Trainee: 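First, the structure itself, so that you have it in front of you.
Because the structure is predicted, anything quoted here is derived from the model rather than measured. Position 1 is the first residue of the sequence; numbering continues from there.
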Amino acid sequence: MGRIKQIFYLTKTAFLEEWHNKRVIMGFLLGMALFGYWLNLFLQYALDVGEPVNILEAFIVVEHHHKNMLFLIVGWLLIISDAPFVKRNMYLSLYRSSRKKWDAAMLQYIMIQAFLYVFIIAVASVAVSSLCGFFGNMWSSPVYNLAMDDGNHLGVKYNVSFPWVNVMRAMTVPQAFVITFVFLFLYLVLIGFLLYVCNLLLKEIYGILIVFGMQISGYLLQQEGVTHFSFMAKSIPGYAIDGKGGQWKVVALFCATILMLALISLWLIGRVDFRDQVEEE
């Protein structure tokens with residue numbers, strides 16, 4: 001219990017230090033603004049159709065949009081760009097606990113921030129949609145029309161699309177909402193852990209460049225239809241949902257990759273010299 005308490009204490013300390021950071025605040029605001037842009041396009045389409053939408057659908061539709069997924073990560077990277085969150089008091093923290101506990105606390109901090117990032121976006125989406133929507137298991141006519149828009153005429157007109165008939169056939173709206181939330185959360189954690197590991201090995205700027213490179217290459221691979229090698233494409237549930245539990249294979253892949261990165265960080269943490277990073281801070 002003492003070990004767990006120390007890890008939670010270190011995580012709490014990281015929150016107290018980072019939440020007053022303008023960079024973190026700007027990251028959340030930027031994420032909201034980027035998501036809000038695509039949310040506005042979807043709601044404008046629904047208003048033009050003149051029919052209500054399920055209040056959970058906006059989050060699902062927007063998070064299935066490739067361009068939103070490309071840019072939404074920018075706000076997240078701004079929040080965690082300071083990984084491994086080295087402060088001048090870190091030697092005191094290491095003395096009171098240990099490097100392994102400190103590492104576990106930083107990974108836990110990333111996971112909690114990822115959950116908050118997705119949770120705030122999801123809640124805002126539901127709150128705004130409630131002004132012109134309903135709650136239930138049924139998919140709405142506007143989203144159904146988007147899914148049936150084979151010629152992408154609506155997509156061109158409103159700059160929003162949802163060509164995922166498979167999702168509508170295999171899941172109710174609440175089920176699709178939950179799996180979309182889980183996929184986005186796991187993808188953000190994976191990116192956060194990758195940046196953390198890269199920054200333990202290299203300077204922060206190189207870690208950022210590596211993660212940006214993975215994000216952009218993932219987007220380009222998705223555009224070329226090579227989704228098997230794109231983590232960004234895998235973060236979109238529509239590619240995995242097949243009515244046979246295909247989404248759980250992707251969840252398992254994300255979890256395995258996250259665990260591998262956590263184990264790498266645990267191996268690295270005892271070999272990192274933090275003196276240069278503390279001096280830069």
Side-chain angles (χ1 to χ4, degrees), residues 26-49 53 56-81 114 117-118 120-122 124-126 128-129 142-143 145-168 176-177 179-188 190-192 194-195 208-209 211-241 250 254:
M26 287 300 298
F28 275 97
L29 292 177
L30 180 59
M32 289 291 296
L34 292 170
F35 180 85
Y37 171 77
W38 300 105
L39 175 63
N40 179 64
L41 293 176
F42 171 71
L43 293 179
Q44 185 59 57
Y45 156 70
L47 289 173
D48 286 354
V49 172
V53 294
L56 302 180
E57 286 177 326
F59 178 75
I60 300 169
V61 171
V62 175
E63 294 307 328
H64 273 75
H65 198 281
H66 306 108
K67 290 183 180 178
N68 171 70
M69 290 302 299
L70 175 64
F71 293 108
L72 188 65
I73 302 303
V74 176
W76 172 235
L77 288 179
L78 195 59
I79 294 171
I80 60 168
S81 62
Y117 191 72
V118 182
I120 290 173
I121 289 174
S125 170
V126 172
V128 174
S129 299
V143 173
N145 292 335
L146 278 179
M148 295 294 118
D149 184 28
D150 295 332
N152 198 33
H153 302 297
L154 295 174
V156 172
K157 182 177 181 179
Y158 294 99
N159 199 21
V160 62
S161 62
F162 187 72
W164 305 106
V165 181
N166 55 315
V167 177
M168 300 181 71
F177 180 89
I179 201 67
T180 302
F181 189 105
V182 170
F183 270 46
L184 180 58
F185 166 71
L186 291 176
Y187 183 54
L188 294 184
L190 187 151
I191 288 178
L194 177 62
L195 179 63
I208 292 289
L209 290 175
V211 173
F212 260 124
M214 186 191 81
Q215 178 73 357
I216 294 173
S217 63
Y219 176 77
L220 294 176
L221 286 170
Q222 176 274 319
Q223 291 295 93
E224 293 297 323
V226 189
T227 59
H228 294 294
F229 300 102
S230 170
F231 273 110
M232 195 203 82
K234 290 184 182 301
S235 69
I236 299 174
Y239 284 113
I241 295 173
V250 177
F254 274 131

Trainee: Would Ser125 and Val62 count as a side chain to side chain contact (heavy atoms under 4.5 Å, CB included) here? Give the steps.
Mentor: CA-CA 9 Å; Ser125 170; Val62 175; over 6 Å; no

Trainee: With no hydrogens and no angle check, is any side-chain donor or acceptor of Thr180 less than 3.5 Å from a backbone partner on Ala176?
Mentor: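 Flag set: sc Thr180 to bb Ala176 pair under 3.5 Å.
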
Trainee: Taking the side chain as everything from C-beta on, heavy atoms only, tell me whether Glu63 gets closer than 4.5 Å to Asn68.
Mentor: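 Side-chain contact under 4.5 Å: yes.
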
Trainee: Do Val250 and Tyr187 have side-chain heavy atoms sitting under 4.5 Å apart?
Mentor: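 In short, these two side chains do not touch, never coming nearer than 4.5 Å.
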
Trainee: Any heavy-atom pair between the side chains of Tyr45 and Leu154 that's under 4.5 Å?
Mentor: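 Yes; the side chains approach each other to less than 4.5 Å.
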
Trainee: What distance do Asn145 atom CG and His153 atom NE2 have between them, rounded to the nearest 0.5 Å?
Mentor: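 If I round to the nearest 0.5 Å, the distance is 13.0 Å.
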
Trainee: I need the minimum non-hydrogen distance between Val211 and Ile191, along with the two atoms involved.
Mentor: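 Nearest pair, atom of Val211 first, then Ile191: CG1-CG2, 3.5 Å.
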
Trainee: What are the two closest non-hydrogen atoms of Val49 and Pro142, and how far apart are they?
Mentor: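 Answer, listing the atom of Val49 first, then Pro142: CG1-CG, 4.2 Å.
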
Trainee: Just by modelled atom types, is the Leu78 backbone N or O under 3.5 Å from a matching donor or acceptor in the Ser81 side chain?
Mentor: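 Looks like yes, one N/O pair under 3.5 Å.
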
Trainee: List in chain and number order the residues that pass side chain to side chain contact (heavy atoms under 4.5 Å, CB included) with Tyr219, two or more places apart in sequence or in another chain; answer none if no residue qualifies.
Mentor: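 Partners of Tyr219 under the side chain to side chain contact (heavy atoms under 4.5 Å, CB included) test: His66, Lys67, Leu70, Gln222, Gln223, Met232.
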
Trainee: So Phe162 and Phe42, do their side chains get closer than 4.5 Å, heavy atoms only?
Mentor: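 Result no, sub-4.5 Å side-chain heavy-atom pair not found.
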
Trainee: For Leu190 versus Met214, what's the shortest heavy-atom pair and its separation?
Mentor: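 So the minimum-distance heavy-atom pair works out to CD2-CE, 4.3 Å.
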
Trainee: So Trp38 and Val61, do their side chains get closer than 4.5 Å, heavy atoms only?
Mentor: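 No, too far: nothing below the 4.5 Å cut-off.
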
Trainee: What distance do Ile120 atom CD1 and Leu29 atom CG have between them, rounded to the nearest 0.5 Å?
Mentor: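 Here the rounded value is 9.5 Å.
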
Trainee: Rounded to the nearest 0.5 Å, what's the gap from CG on Leu221 to CD1 on Ile216? Could you check?
Mentor: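 Rounded to the nearest 0.5 Å, the CG-CD1 separation comes to 12.0 Å.
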
Trainee: Can you see whether Asp48 engages Gln44 through a side-chain donor-acceptor pair at a distance of less than 3.5 angstrom?
Mentor: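 Yes, side-chain donor-acceptor contact under 3.5 Å.
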
Trainee: Could you check Ile236 against Phe183 for side chain to side chain contact (heavy atoms under 4.5 Å, CB included), going step by step and ending with a plain yes or no?
Mentor: CA-CA 7 Å; Ile236 299 174; Phe183 270 46; over 6 Å; no

Trainee: Step through the shown structure and confirm whether more than 12 heavy atoms of other residues, nucleotides or ligands are within 6.0 Å of CE on Met148.
Mentor: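 Check passes, neighbour count above 12.
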
Trainee: Show the nearest heavy-atom pair for residues Phe254 and Phe231, with the distance to one decimal.
Mentor: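 Smallest heavy-atom distance, with atoms named: CE2-CD2, 3.7 Å.
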
Trainee: Looking only at heavy atoms, what is the nearest atom pair of Ile80 and Gly192, with distance?
Mentor: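 Nearest heavy atoms, Ile80 then Gly192: CD1-CA, 3.3 Å.
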
Trainee: Just wondering, are more than 12 heavy atoms of other shown residues or ligands nearer than 6.0 Å to OH in Tyr158?
Mentor: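 Above 12, so yes.
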
Trainee: I need the single residue from Trp164, Phe59, Phe177 that forms a ring pair (Phe, Tyr, Trp, His ring centres under 6.0 Å) with His64. Which is it?
Mentor: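 Exactly one option meets the ring pair (Phe, Tyr, Trp, His ring centres under 6.0 Å) with His64, and it is Trp164.
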
Trainee: Just jot down the side chain to side chain contact (heavy atoms under 4.5 Å, CB included) partners of Ala46, sequence neighbours excluded, or say none.
Mentor: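 With sequence neighbours excluded, Ala46 shows a side chain to side chain contact (heavy atoms under 4.5 Å, CB included) to Val53, given in chain and number order.
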
Trainee: Closest approach of Leu72 and Gly31, non-hydrogen atoms and distance?
Mentor: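 Smallest interatomic distance, heavy atoms only, reads CD1-O, 3.6 Å.
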
Trainee: Any sub-3.5 Å donor-acceptor pair from Asp149's side-chain atoms to Ser161's backbone N or O?
Mentor: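 Flag not set: sc Asp149 to bb Ser161 has no pair under 3.5 Å.
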
Trainee: If you measure from CG on Leu195 to CZ on Phe212, what distance do you get to the nearest 0.5 Å?
Mentor: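 So the gap between those two atoms works out to 10.0 Å.
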
Trainee: Could you tell me the separation between the CD atom of Gln215 and the OG atom of Ser235, rounded to the nearest 0.5 Å?
Mentor: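 Here the rounded value is 7.5 Å.
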
Trainee: Between atom CE of Met168 and atom CD1 of Ile241, what is the distance when rounded to the nearest 0.5 Å?
Mentor: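 One gets 12.0 Å once the value is rounded to the nearest 0.5 Å.
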
Trainee: Donor-acceptor pair, Trp76 side chain versus Leu188 backbone, under 3.5 Å?
Mentor: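 Checking the backbone N and O of Leu188 against the side chain of Trp76, a donor-acceptor pair under 3.5 Å is found.
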
